[in-house]
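A short write-up of the structure that comes next.
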Amino acid sequence: MTRPDEDPDRLYTLTGGRSRPDSDAFDLVTLVVSECDPAPGMQSEHVAILEICRSPTAVVEIAAELRLPVGIATILLSDLLHAGKITVRHPRHNPASQWHSLPDTTTLEKVLVGLRNL
């Protein structure tokens, strides 16, 4: 089902008829950064993506800003990635972070006993 503001013909034209990106480098939280300024003659959506991504921006935010489904946005992003116009960064789990793992059960049991004693 399409939203009222989505024209299936427009979406088909934007992607050149493709229904999947050429790369699996993208998920909703992948950060995208522009590596260049827009060039004359670029597709307007590509220009908009390069402008949005001057600072790291998540794929889901790009799709929302363009008012496009995430799947369509990832196809456009894939085009830019293959052209070397953007780079992608995946959020990484920082092992030095204090939140990288849950405390052991012994610690949790001590906290529970302490709370019950209050």
Side-chain angles (χ1 to χ4, degrees):
M1 181 174 199
T2 60
R3 297 185 319 223
D5 61 336
E6 286 179 7
D7 178 11
D9 294 334
R10 175 178 172 262
L11 299 179
Y12 181 87
T13 304
L14 284 178
T15 63
R18 294 171 292 157
S19 61
R20 297 174 197 233
D22 297 335
S23 172
D24 61 350
F26 304 100
D27 59 25
L28 293 177
V29 295
T30 300
L31 297 175
V32 180
V33 180
S34 300
E35 291 298 323
C36 64
D37 290 327
M42 286 181 79
Q43 184 175 340
S44 62
E45 288 77 15
H46 288 155
V47 170
I49 290 170
L50 292 177
E51 290 174 353
I52 293 167
C53 296
R54 291 178 196 249
S55 61
T57 309
V59 170
V60 70
E61 292 177 67
I62 295 165
E65 186 71 27
L66 296 175
R67 299 181 55 91
L68 291 172
V70 173
I72 302 298
T74 58
I75 294 170
L76 298 172
L77 289 165
S78 180
D79 294 342
L80 292 171
L81 180 63
H82 288 302
K85 303 212 181 275
I86 61 170
T87 54
V88 296
R89 294 187 239 166
H90 298 280
R92 293 198 179 123
H93 209 4
N94 183 358
S97 170
Q98 62 178 338
W99 303 105
H100 72 280
S101 65
L102 295 174
D104 62 295
T105 56
T106 305
T107 303
L108 292 174
E109 287 173 4
K110 288 179 182 178
V111 170
L112 184 59
V113 168
L115 289 172
R116 286 183 180 152
N117 289 335
L118 292 176

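Residues Met42 and Lys85 are in side-chain contact: their nearest non-hydrogen atoms beyond the backbone lie under 4.5 Å apart. Put simply, the side chain of Leu28 reaches to within 4.5 Å of the side chain of Val70, judged on heavy atoms. At least one side-chain heavy atom of Val32 sits less than 4.5 Å from a side-chain heavy atom of Leu77. Side-chain contact between Arg116 and Leu112 is present, with heavy atoms from C-beta onward closer than 4.5 Å. A 4.5 Å side-chain heavy-atom check between Val29 and Val59 finds every atom pair outside the cut-off. Under the 4.5 Å side-chain criterion, counting only non-hydrogen atoms from C-beta, Pro56 is in contact with Arg89. Asp37 is listed as a side-chain neighbour of Arg54, based on a closest heavy-atom distance under 4.5 Å.
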### Task
Evaluate side chain to side chain contact (heavy atoms under 4.5 Å, CB included) for Ile62 paired with Leu68, printing each intermediate quantity in order.
CA-CA 9 Å; Ile62 295 165; Leu68 291 172; over 6 Å; no
#### Entry: Val33 vs Val88, side chain to side chain contact (heavy atoms under 4.5 Å, CB included): CA-CA, chis, key distance, verdict
CA-CA 6 Å; Val33 180; Val88 296; over 6 Å; no
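To the nearest 0.5 Å, the span separating CG on Leu66 from CD on Glu61 amounts to 11.5 Å. Atom OG1 of Thr57 is separated from atom CD of Glu65 by 9.0 Å, given to the nearest 0.5 angstrom. To the nearest 0.5 Å, atom CG of residue Leu76 and atom NE2 of residue His46 are 4.5 Å apart. With rounding to the nearest 0.5 Å, the separation of CD1 in Ile75 from CD1 in Ile72 is 4.5 Å.
With hydrogens and angles disregarded, no donor-acceptor distance shorter than 3.5 Å links the side chain of Ser55 to the backbone of Cys53. Ser34 contributes no side-chain N or O that, together with a main-chain N or O of Ile86, makes up a donor-acceptor pair within less than 3.5 Å.
Through direct or relayed side-chain contacts under 4.5 Å between Ile, Leu, Val, Met, Phe, Trp and Tyr, Leu31 connects to no other residue.
Under the rule for a side chain to side chain contact (heavy atoms under 4.5 Å, CB included), the partners of Leu115 that lie at least two apart in sequence or sit in another chain are Val111, Leu118.
Applying the 6.0 Å contact sphere to CD of Gln43 captures more than 12 heavy atoms from other residues, nucleotides or ligands.
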